[in-house]
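This is the structure I want to talk about, given as structure tokens.
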Protein chains: 2
Amino acid sequence: MADEPSEPVAIRLQAAGHRVTRPRLAVVAALRELGEHHTADEVHAHLIRRDTPLPRTSVYNSLVLLADLGVVMRADIGPGAVVYEAADAWHHHFVCRSCGSVHDVPCVIGTPPCLSPGGDVGRVDEAQVIFRGICRNCLGDAQ
Amino acid sequence: MADEPSEPVAIRLQAAGHRVTRPRLAVVAALRELGEHHTADEVHAHLIRRDTPLPRTSVYNSLVLLADLGVVMRADIGPGAVVYEAADAWHHHFVCRSCGSVHDVPCVIGTPPCLSPGGDVGRVDEAQVIFRGICRNCLGDAQ
DNA sequence: GAATTATCTGTACATTGTTCATGTACAGAT
DNA sequence: ATCTGTACATGAACAATGTACAGATAATTC
């Protein structure tokens, strides 16, 4: 379970000049075990269930760092929710306005930044696309 | 000031089967006066300064409805912040990871949905793009 | 103008994320 | 082997943001 994907997390941390610590490894492991998209507090809860608890702040700190390094993906899908994901391929998200479910949408380019703004705004590191609409399930249910 | 852009807000509310109420008109007016991007609480504060206060809940309710109707634009630019804007043309946003400033990025298509996901996820109403990077000011400051 | 009902209002709360002070563990120098 | 500086973890309290609810109000319909 939880095989290292491309580059082991430890190597990537070191390469960026950061330390390899228990909280950081635990957070990545938790995201892999959970799969899909999860909030920081869901990761926190999972670690408690797993009997490897971590302070909430540590989970937040680790997620921010890991996301900045590109080890985990962060998606701002709307009010009161930032979700993280242990994914390798850069992709986007579809959010259902009815049930709130989140689905992955492959990115045709594959690596950020996959789009570029028209004007000259500065250095663009990534372009995150959020699709909104009604998912197939909800379309079937009502109307 | 605050001329009606294309269709008056009142008409658009009625057309969608909603009532034309003071809070809704006040929220749109506030967004126009403020210009740019602002949070719900900033709108709330502005209305107090203007001596036309509104309960915070009413501001939130109105913004959600107005955004769903497409009268105002909503942008999820990251943790702890949903910003609204009284804009006519559909566009995207660039967020600076250093100073947090938000800049408009024109959309080449102009009307949502300007992109479409690859697979068949359901009905897509809009595609919101968030560009992240370092803005020109911050690039100039420190390297 | 009166009835109907969506909407407003205000309070209280839940959730999410951040700040801060303290303690700890690692790495290089002595 | 010990010292020293720095990055990091920890825990608690805080701040910001968004939501639920129940009674009062006002926009529309007749």
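Below, chains carry the letters A, B, ... as their sequence lines are ordered, and counting in each starts from 1. Every heavy atom of this structure was used, including side-chain atoms; hydrogens, water molecules and symmetry mates were not.
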**Item:** Interatomic distance where CZ belongs to B:Arg22 and P belongs to D:dT25 [whole Å]
**Value:**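 After rounding, the reported distance stands at 14 Å.
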**Asked** So A:Tyr84 and A:Val43, side chain to side chain contact (heavy atoms under 4.5 Å, CB included) or not? Walk me through it.
**Response** CA-CA 9 Å; A:Tyr84 294 90; A:Val43 171; 5.8 Å; no
**Request:** Would you sketch DNA chain C in dot-bracket for me? Only Watson-Crick or G-U wobble pairs with both distances under 3.5 Å count, crossing pairs as [ ], other-strand pairs as |, the rest as dots.
**Result:** ||||||||||||||||||||||||||||||
**Request:** Nearest whole angstrom, please: distance from the P of C:dT7 to the CG of B:Leu69.
**Result:**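 Roughly 10 Å, once rounded to whole Å.
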**Asked** Among the nucleotides D:dA27, D:dT10, C:dG10, which one has an atom lying closest to any side-chain atom of A:Leu54?
**Response** D:dT10
**Message:** From OH of A:Tyr60 over to P of D:dT10, roughly how many Å is that when rounded to an integer?
**Reply:** 16 Å
**Asked** Quick one: does B:Arg132's side chain have a donor or acceptor within less than 3.5 Å of a partner on B:Ile77's backbone?
**Response** yes
**Asked** When the distance from CG of B:Asn61 to C1' of D:dG18 is rounded to whole Å, what number comes out?
**Response** 11 Å
**Message:** In this structure, is the centre-to-centre distance between the rings of A:His37 and A:His93 below 6.0 Å?
**Reply:**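 Centroid distance A:His93-A:His37: below 6.0 Å, so yes.
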**Nearest-0.5 Å distance that lies between atom SG in B:Cys96 and atom CG in B:Asn137** = 8.5 Å
**Request:** Would you tell me if any nitrogen or oxygen in the side chain of B:Thr21 comes within less than 4.0 Å of OP1 or OP2 on C:dT7?
**Result:**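 False: B:Thr21 side-chain N/O out of range (4.0 Å or more) of C:dT7 OP1/OP2.
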**Asked** Nearest nucleotide by nearest heavy atom, which residue falls closer to the 5' end of DNA chain C, A:Ala81 or B:Gly17?
**Response**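 Going by which nucleotide is closer to the 5' end, it is B:Gly17.
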**Message:** Quick check on DNA chain D: between A:Ser62 and B:Asp41, whose nearest nucleotide comes earlier from the 5' end?
**Reply:**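 Its nearest nucleotide lies further toward 5', so the answer is A:Ser62.
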**Check against salt bridge (Lys or Arg N to Asp or Glu O under 4.0 Å), A:Asp125 and A:Arg123** = CA-CA 6 Å; A:Asp125 295 324; A:Arg123 195 188 73 204; 3.1 Å; yes
**Test applied, side chain to side chain contact (heavy atoms under 4.5 Å, CB included); reference residue, A:Leu13; option that passes from A:Leu65, A:Val28, A:Thr21, A:Val71** =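 Only match with A:Leu13 under side chain to side chain contact (heavy atoms under 4.5 Å, CB included): A:Leu65.
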**Prompt:** Taking NE2 from A:His18 and P from C:dA25, how many angstroms apart are they, rounded to a whole number?
**Reply:** 21 Å
**Item:** Closest-nucleotide ordering on DNA chain D, the 5'-leading residue of B:Gln14 and B:Tyr84
**Value:**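 Nearer the 5' end of the strand: B:Tyr84.
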**Message:** Could you tell me how far apart A:His44 (NE2) and C:dT18 (P) are, to the nearest whole angstrom?
**Reply:**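 Roughly 16 Å, once rounded to whole Å.
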**Item:** Nearest listed nucleotide, side chain of B:Pro55, among D:dG11, C:dG10, C:dG17
**Value:**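 When the side chain of B:Pro55 is considered, C:dG10 is the closest of D:dG11, C:dG10, C:dG17.
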**Asked** Between D:dA9 and A:Arg24, is there an OP1 or OP2 to side-chain N/O distance shorter than 4.0 Å?
**Response**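 For A:Arg24, the contact criterion (side-chain N or O under 4.0 Å from OP1 or OP2 of D:dA9) is met.
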**Message:** Classify B:Arg56 by what it touches in the nucleic acid, base, sugar-phosphate, or nothing, heavy-atom distance under 4.0 Å.
**Reply:**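 Base contact.
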**Asked** How is A:Thr57 classified with respect to the nucleic acid when contacts are heavy atoms under 4.0 Å: base, sugar-phosphate, or nothing?
**Response** base
**Separation of atom CG in B:Leu13 from atom P in C:dA6, rounded to whole Å** = 16 Å
**Asked** Is there a donor-acceptor pair closer than 3.5 Å between any side-chain N or O of A:His44 and the backbone N or O of A:Leu54?
**Response** yes
**Asked** In whole angstroms, how far is the P atom of D:dA7 from the CG atom of A:Leu65?
**Response** 13 Å
